[in-house]
Amino acid sequence: MMEIPDFYLPSGRTALLISGGVDSAVALHLLYQRGVRPDLYYIKIGMEGEDSSCTHEEDIELSQAIAARYGLKLQVIDLQQEYWDLVVGYIVDRVRRGLTPNSDVMCNKLVKFGAFEQRVGKDYDYLCTGHYAQLKVDRDGQLWLCAGVDLVKDQTDFLSQLSSSQIRKCIFPLGGMMKRQVREIAEAEHLPCAHRKDSQGICFLGKINYAQFISRFLGERTGDIVDIETGRVLGQHKGYWFHTIGQRKGLRLGGGPWFVIRKDIERNIVYVAHGYDTRLQYGNSFALADFHILTQDPLDPLAPNLIRFKVRHTERPVAGTMSLDASGHWHIESTEPIQGIAPGQFGVIYDAQGDRCIGSGEIASE
């Protein structure tokens with residue numbers, strides 16, 4: 001029998017967010033094995049309407065089947081209005097400003113651990129999810145959000161904007177496991193979602209045409225695509241808001257590869273550079289705006305701090321230093337070149353070992 005790693009499991013009334021996918025189903029199984037009978041909730045978020053193909057019906061059917069397997073009831077909580085007001089509003093605002101938003105980070109903060117808490121979660125001591133992250137208590141009794149052992153699946157970056165009170169309510173049974181182990185448990189237990197594919201981000205990003213979604217709010221405005229090294233106009237785009245730093249696909253330029261390097265918001269120009277190894281794709285430093293601390297602040301404001309960091313999901317944390325300048329802004333210097341540093345994305349900061357997640361902030365514009 002497979003040995004299941006231990007996980008942080010406090011005692012109290014527990015709710016579990018179930019999605020119809022393998023991760024939340026196995027999280028439920030692991031709780032059940034330890035004698036916990038959580039109340040199950042499916043959060044309905046995302047887009048509705050003729051341009052949406054969200055799989056709510058299939059998700060709910062699978063969630064109901066899993067709930068029945070353990071003799072539990074499923075409740076569906078509709079948070080679509082909150083999702084539109086909070087997450088979609090955030091995305092459109094950032095895109096309009098030429099930034100690259102991270103919808104998954106804000107969906108967790110504002111909806112799954114935010115609006116749900118206000119609607120239902122406040123009646124529970126703890127909230128369990130299928131995120132790949134760990135919670136560890138240090139010798140002083142402080143609870144830290146720590147990286148999952150599966151560094152490819154690790155989701156601490158998506159949780160890095162939670163408040164300390166939100167973190168204290170969390171239970172993450174999967175953090176000590178590899179994804180293949182989770183699949184093996186689902187198969188061994190004959191869970192109906194054992195072979196279901198992983199979702200790709202939150203519902204609307206994974207299921208509808210992103211360009212059509214942005215066009216719906218910001219329209220189109222033709223502008224030039226310019227070679228940043230020669231100044232030559234290579235083609236036309238339909239609005240800088242359709243393009244992100246580091247983007248390669250969808251530029252419709254010949255003789256590639258071409259990568260988006262910079263955007264001029266005032267003049268509606270998208271600058272690109274040629275080649276996979278162009279130095280213009282890379283940077284070694286960036287600043288963070290509104291740095292958010294998760295548990296407590298271990299950073300020395302008077303000296304460079306040895307850290308590891310991420311600027312996008314699925315990356316191993318990169319070594320660097322973090323220093324506070326005279327104006328009160330945190331700056332990160334990387335030990336290696338980083339591709340596609342995009343303002344608006346989150347820089348997620350870990351300790352020097354890459355284990356404890358200290359916090360995160362938005363990557364600031366130059």
Side-chain angles (χ1 to χ4, degrees), residues 4-10 14-31 34 36 38 40-43 45 59 63 66 79 87 102-117 121 124 126-136 143-183 185-186 193 196-203 205-206 292 294-295 310 312-315 317 346 348 350 354-360:
I4 306 300
D6 199 10
F7 57 91
Y8 174 77
L9 182 58
T14 303
L16 184 144
L17 298 184
I18 192 166
S19 66
V22 67
D23 295 331
S24 59
V26 171
L28 169 59
H29 175 75
L30 296 179
L31 281 192
R34 285 161 171 74
V36 179
L40 304 183
Y41 292 91
Y42 174 89
I43 296 180
I45 57 174
D59 292 340
S63 297
I66 295 162
L79 296 179
V87 179
N102 191 315
S103 50
D104 291 287
V105 171
M106 300 311 287
C107 187
N108 279 320
K109 176 182 180 178
L110 300 176
V111 179
K112 293 179 181 177
F113 294 89
F116 178 81
E117 171 70 18
Y124 292 87
Y126 299 101
L127 178 62
C128 178
T129 71
H131 285 96
Y132 286 79
Q134 300 184 85
L135 293 171
K136 298 179 182 179
L143 185 66
W144 292 87
L145 177 68
C146 297
V149 299
D150 190 332
L151 295 181
V152 173
K153 298 300 294 183
D154 172 57
Q155 293 174 304
T156 48
D157 50 341
F158 290 161
L159 302 167
S160 64
Q161 281 281 303
L162 297 188
S163 68
S164 58
S165 61
Q166 288 172 322
I167 290 292
R168 285 194 295 270
K169 288 191 68 168
C170 290
I171 299 173
F172 301 129
L174 307 187
M177 306 176 68
M178 301 297 289
K179 178 71 180 197
R180 58 175 174 75
Q181 293 176 292
V182 173
R183 289 279 185 195
I185 291 173
C193 56
R196 197 178 193 203
K197 291 183 179 179
D198 292 342
S199 61
Q200 300 297 315
I202 56 178
C203 184
L205 287 180
H292 169 74
L294 281 169
T295 297
K310 293 182 182 182
R312 61 178 58 81
H313 186 51
T314 72
E315 284 190 345
F346 284 95
V348 184
Y350 300 82
D355 183 31
R356 292 180 179 178
C357 183
I358 296 171
S360 65

Is the shortest heavy-atom distance from the side chain of L135 to the side chain of C146 under 4.5 Å? no

Exam field: side chain Q155 to backbone A133, donor-acceptor pair closer than 3.5 Å: no

Within this structure, what is the CG-CG distance for the pair L28 and D23, rounded to the nearest 0.5 Å? 12.5 Å

Residues G148 and D154: closest non-hydrogen pair is N-OD1, 2.9 Å

Compare all side-chain heavy atoms of L127 with those of T14 and state whether any distance is below 4.5 angstrom. no

pair P5-F7: side-chain heavy atoms closer than 4.5 Å: no

Would you say S19 and S24 are linked by a side-chain donor-acceptor pair, where the criterion is simply a distance under 3.5 Å? yes

Do M177 and L30 have side chains that get closer than 4.5 Å, going by heavy atoms? yes

Could you check I18 against I66 for side chain to side chain contact (heavy atoms under 4.5 Å, CB included), going step by step and ending with a plain yes or no? CA-CA 9 Å; I18 192 166; I66 295 162; 3.8 Å; yes

Could you go through the side chain to side chain contact (heavy atoms under 4.5 Å, CB included) check for N102 and D104 one step at a time? CA-CA 6 Å; N102 191 315; D104 291 287; 3.7 Å; yes

On a heavy-atom basis, which atom in A27 and which in G130 lie closest, and how many Å separate them? CB-CA, 4.2 Å

If you round to the nearest 0.5 Å, how far is CG of D59 from CD1 of I43? 12.5 Å

Of all residues at least two apart in sequence or in a different chain, which pass the side chain to side chain contact (heavy atoms under 4.5 Å, CB included) check with S163? S165, Q166

Closest approach of C128 to L31 (non-hydrogen atoms, all atoms of both residues): SG-CD1, 3.7 Å

Does the side chain of Y8 come within less than 4.5 Å of P173's, by heavy atoms? no

Taking G121's backbone N and O only, do any of them form a donor-acceptor pair with K169's side chain (distance below 3.5 Å, no angle check)? yes

Would you mind reporting whether K112 and I45 have side-chain heavy atoms less than 4.5 Å apart? yes

Min side-chain heavy-atom separation L294-I358 under 4.5 Å: no

R180 and D150 ion-paired at < 4.0 Å: no

Quick one: are L145 and C357 in side-chain contact, heavy atoms under 4.5 Å? yes

For R183, all residues meeting side chain to side chain contact (heavy atoms under 4.5 Å, CB included), sequence neighbours excluded: V22, K179, D198

Only residue of L9, L16, I171 satisfying side chain to side chain contact (heavy atoms under 4.5 Å, CB included) with Y126 is I171

Show your reasoning for whether side chain to side chain contact (heavy atoms under 4.5 Å, CB included) applies to L17 and Y42. CA-CA 6 Å; L17 298 184; Y42 174 89; over 6 Å; no

I need the minimum non-hydrogen distance between L174 and H131, along with the two atoms involved. CB-O, 4.0 Å

Is the centre of the F158 ring less than 6.0 Å from the centre of the H313 ring? yes

Across all chains, not counting sequence neighbours, the ring-ring contact (aromatic ring centres under 6.0 Å, His included) partners of F116 are Y41

All side chain to side chain contact (heavy atoms under 4.5 Å, CB included) counterparts of V149, not counting sequence neighbours: Q134, M178

Under the side chain to side chain contact (heavy atoms under 4.5 Å, CB included) rule, collect the residues that match up with Q161, sequence neighbours excluded. V105, K109, H292, F346, S360

Considering all heavy atoms of both residues, which atom of L143 and which atom of I167 are nearest to each other, and what is their separation? CD2-O, 3.9 Å

Contact summary for S63 and G20, nearest pair of heavy atoms: OG-N, 3.1 Å

Considering residues at least two apart in sequence or located in another chain, which fulfil the ring-ring contact (aromatic ring centres under 6.0 Å, His included) criterion with Y350? none

